[in-house]
Amino acid sequence: MKQKLVKKIAILSVLFNVLFAFSQQNNLEVDLTNTVAKIQPTMYGVFFEDINFAADGGLYAEMIKNRSFEFDNPFMGWIQPNSDRHSFNENSGIASAVNYTGNPTNKNYIRVKVSNDKGYELINEGFRGMGIKKDAAYSLYISASKKSGDIKTINIQFIDKSGAVLGETKIVLTSSDWKDYTSQLVATKTEAKAQIKITFEGTGEIDLDMISLFPVDTWKGRKNGLRKDLVQLLYDMNPGFLRFPGGCIVEGRTLEQRYQWKKTVGPVEDRENLINRWNTEFSHKLTPDYFQSFGLGFFEYFLLSEDLGAEALPILSCGMACQFNTGELVPMEELDPYIQDALDLIEFANGSIDTPWGKIRNSMGHPKPFNLKYIGVGNEQWGPDYIERYKVFAKAIKDKYPTMIIVSGSGPFPEGDYFEYGWEELKKLQAEIVDEHYYKPPQWFRDNASRYDAYDRKGPKIFAGEYAAQSVAIASPLNKNNWECALSEAAFMTGLERNAEVVHLTSYAPLMAHEEGWQWTPDMIWFNNLESYGTANYQVQKMYATNKGTDLLSITLDGKPVTGQSNLYATAAKDSDKKELIIKLVNTSNNIQNVTVNLFGKRVNSKGTISVLTSDSLTDVNSFETPNLISPKESIFKLKGKKAVVDLEANSFVILKFKLI
Ligand code: AHR
């Protein structure tokens, strides 16, 4: 009886959908001869910030946490299970931290005293463990100095949680002076939560520093480089720019904790570690072991931009600490060093190798300039204090580098007093590009596809620098990267693209999150120590970025832009290089919608493709178990004469593509 009823309801609902589809006739028009605006190559980019273990513990492939004993607690991340401190009967040995005298950037090393042969062990726990893959090789580096006694070798092993050995190597000590030793470990098993165990042969005292371990198989095979799978996900998006290093991390909770790029270049062992500002930002997600090693520093960011074929977009502190935290301000008369940092950065990126900073770039292996074109002044600053500082920065930068494009900020919210004030002042100052941020509910995104329609075409250009639909509330730990959020962003993005004349750069934020080390959700890419996947939001970004086009065309419904009428959104573009017509359609209704796109002007090949991104439920998410649950399905699509007639599935994002003839 119950089964029959369910069957009836199912049949009725199919009938209803079919009828509804026929009743919803949407006739769209695209004029292929009418280029409305050029679409900037920078239109879709990526925003990188070291939040959620995105750099240390993530993209930067170092596997040892606190490798140089520089955290506030020099032994954070290190365990001595049977040291004198823990095992009173054994007295096997102990390590203690020592301060280098006179080295301000690499402050600590440790002194290990091995008392007897009862098994002293020093273990590093990695970033929530270490991901190792069967048969893969890992490069080890240790700086050591024998002090006294007769320690002959250092033994290094991968172990699992039961203590089973999963690969090992040995270093034979040859000097009582500081010496760098290298070796390799090969993993005998795949394990997501491995650790490194260090033991010693012989007794005595030995000093250790910079114990570092990287997979050999990094992005582009670079020594001590970046995690290959994570860069690949970025590369596959074909981003137009890479914004770095954030985000609030630029500002710091205090001025002292701001991001200082000069401390992130040169030899890694001399890069001074700093507490990560996200370490204890959220009481719901404390990560007290989150520090910045700056192994991924400004040189590496520039190199990554180059690898991705993306414009580098560094954002610098403008002398204001995060206004949500201390809001510390550098007095105007003391701003010079901050401005000098900006000027020196341009020299570091673009200067000849004879200039002081160009020389450092050269010494790091990149004699050719990075061809930096953009620089950002401040992140989410607001109020007169920002405008006053921005003015001085902008003048100094333009005086010395007139072609440099400066990005300014409009604060943390996309409306309200801070926003209005910032915009008004920046307009008066003829700012070139203004950064806007919006972390809003999915409905806001669906309602705001026409946000930029009325923006002044002659005013500053827009950098939609941080945005993401929040399924619960801003910064709520319950937010999900669900299909409703991604679909709503897809709808909103039609509005970004339709306004390519004024919107020049856009990026989702934040970019990456470690499954166990995150502070902020949602995030575009999730990873653990072995695997990674792109969320539904990633798929939307990727579809836009890899189908960008060069020329915006008009697409209309009843003569008007398609901004949500009948829950329908649309944008159209031509790619003059690939000779393609690209039509993006978003249906945010729970029903199939029939759409006819009438093509005017130039001819196109009648056989094209259709890519459909959708999912059964708005609450669906991609995950480590089902990483491709929400991913585009592509098939052949045929025109009917000069019409593209398509039934848009309920809650779907569709791209139609045809070759221009
Ligand atoms: O993306 C996370 C944070 O959100 C960024 O650091 C900040 O700019 C914004 O408030």
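Here the structure is a predicted model, which is why all the values come from computation and not from measurement. Start at 1 and go down the list; that is how both ligands and their atoms are numbered.
Side-chain contact annotation: D236 with Q232, donor-acceptor N/O pair under 3.5 Å present. Checked by atom type, the side-chain pair D453/N499 shows a donor-acceptor distance below 3.5 Å.
Every atom of ligand 1 is numbered from 1 in the order shown, and the set under 4.0 Å from a heavy atom of E380 is 7 (C), 8 (O), 9 (C), 10 (O). Taking every non-hydrogen atom of P510 and a distance limit under 4.0 Å, the qualifying atoms of ligand 1 come out as 1 (O), 2 (C). Residue-ligand proximity, E466 to ligand 1, at heavy-atom distances under 4.0 Å covers atoms 1 (O), 3 (C), 4 (O), 5 (C), 7 (C), 8 (O), 9 (C). Which parts of ligand 1 touch E49 is read off a 4.0 Å heavy-atom cut-off, strictly below it: atoms 5 (C), 6 (O). Proximity to W278 (heavy-atom distance under 4.0 Å) selects the following atoms of ligand 1: 6 (O).
Cation-pi geometry between K285 and W520 is not met: the NZ or CZ atom fails to fall both under 6.0 Å from the ring centre and inside 45° of the normal.
Put simply, no part of F324 is less than 4.0 Å from ligand 1, judged by heavy atoms.
Residues F463 and H504 fail the side-chain proximity criterion, which asks for heavy atoms closer than 4.5 Å. Counting heavy atoms from C-beta outward, Y44 and Y508 have side chains that stay 4.5 Å or more apart. Using a 4.5 Å cut-off on side-chain heavy atoms (C-beta onward), E272 and K107 make contact.
Of the N or O atoms in N379, one or more lie within a sub-3.5 Å distance of an N or O in ligand 1. For ligand 1, one of its N or O atoms has an N or O atom of C248 under 3.5 Å away.
Exactly one of N66, D56, D50 qualifies for a side chain to side chain donor-acceptor pair (under 3.5 Å) with S293. That residue is D56.
From the protein, the heavy atom lying nearest to atom 1 (O) of ligand 1 is Y439 OH, 2.7 Å.
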